[in-house]
Amino acid sequence: MAKHNYSAGPCVLPQGVFKQASEAVLNFNGIDLSILEISHRSKEFIEVMDKAQALVKEVLEVPAGYSVLFLQGGASLEFLMVPFNLMNNNGKAVYLETGAWAKKAYKEAAALGNAEVIASSADKNYNYIPKGYQIPSDVDYFHCTSNNTIYGTQIKDFPKTDALMVCDMSSDIFSKKVDISKFDLIYAGAQKNLGPAGATLVIVKDEILGKTDRKIPSMLDYQIHAKSDSMFNTPPVFSIYVSMLTLEWLKGLGGIEVMQKMNEDKAALLYNEIDSNPLFEGTAELEDRSLMNVTFLLTNEALKDEFDAMWNAANISGIKGHRSVGGYRASMYNALAKESVQALVDVMKELAAKHA
Ligand SMILES: *Cc1c(COP(=O)(O)O)cnc(C)c1O
């Protein structure tokens, strides 16, 4: 039996996708060749790339005028590509610092030019989302992180601004409906809701590109990747193929609205238990709680070994918290079934029955 996999990333993907992907490794689409040994310029792979891009556009309702790119280097390379493409030599960018990833994104921009943290929740170990800050309209762009994978917070209302809006959506893209037209550039490492590590998804408004006075190295230039349809060099073919399968699965379930409802149900189930069970407490501010990564602590540390043994015995894996928060983190990405959340809730109830 598959484990109840709460890994923060790489993470759970649909079992059916694993099956299809493993078949394609042996014999792709009945052509007696593996997906891993055909040219990325073959008709077969170009179909995969086209379909993956089309599914991203369909599932997220991407408006006209945006390019969908599959790049490499993870979200971490986007931290650098964004300022390279959008920040002028004498320009300035502002960053919302809501956690470790946001901080890393800021660091890359600050190494290249003039970047400023406009608001931060570092004062409370990133357990909330700052609000009420003003974004100057004369900056090159504003950067935020929609979901804070490590600290378990999520932006519910994005700020309004005339500046270009750039967002790292690595850990909540495809989990809920977003109005793509409000963003100028979105990026996400594939390994949290889309597919295996290796590909990075970028959705960029075409008209914002080619405006900077900076010289951009080819591999970092979004326009070059867009013009060559994400085939400037060999793309991460397997990651893109499995991403395509995951998007087909998502579409087959009923699309993003159905997925969102399922994610809200799962989150409600677990947060209700955390809030009603005296042995547990959440770490994030209520209004900013993430639907994807649920962070919580035991109220009595002495029960740690017992609780750990219990969830291990219940076939649960990957809920140990990140070292910077401690406690537990249940990452509930799209492919995690509600039954898996129920399995964890049952263990928490069992612990309370013994000790509360
Ligand atoms: C995981 C994660 C990253 C890092 O992604 P890589 O693909 O490993 O570079 C960046 N931002 C967020 C929000 C993440 O969750």
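In what follows, every heavy atom counts, from backbone to side chain, and hydrogens, waters and symmetry copies are set aside. We count ligands from 1, going down the list as the structure has it; atoms in each ligand are counted the same way.
- K156 has no carboxylate O lying under 4.0 Å from a charged side-chain N of E287, or vice versa, which leaves the two without a salt bridge.
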List, one per line, each side-chain donor-acceptor pair under 3.5 Å for residues 190-201, sequence neighbours excluded.
from, atom 1, to, atom 2, distance (Å)
N193, OD1, N334, N, 2.9
N193, ND2, I173, O, 3.2
T200, OG1, G74, N, 3.0

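- Each of G74, A75, S76, F79, W101, T145, N147, T149, D168, S170, S171, Q191, K192 has a non-hydrogen atom positioned under 4.0 Å from some atom of ligand 1.
- Remark: the Y151 side chain and the N293 side chain contain no N/O donor-acceptor pair separated by less than 3.5 Å.
- Side-chain contact annotation: Y128 with D123, donor-acceptor N/O pair under 3.5 Å present.
- For H40 and F45, the ring centers sit 6.0 Å or farther from each other.
- The six-membered or imidazole ring of F307 lies near that of Y328, with a centre-to-centre distance under 6.0 Å.
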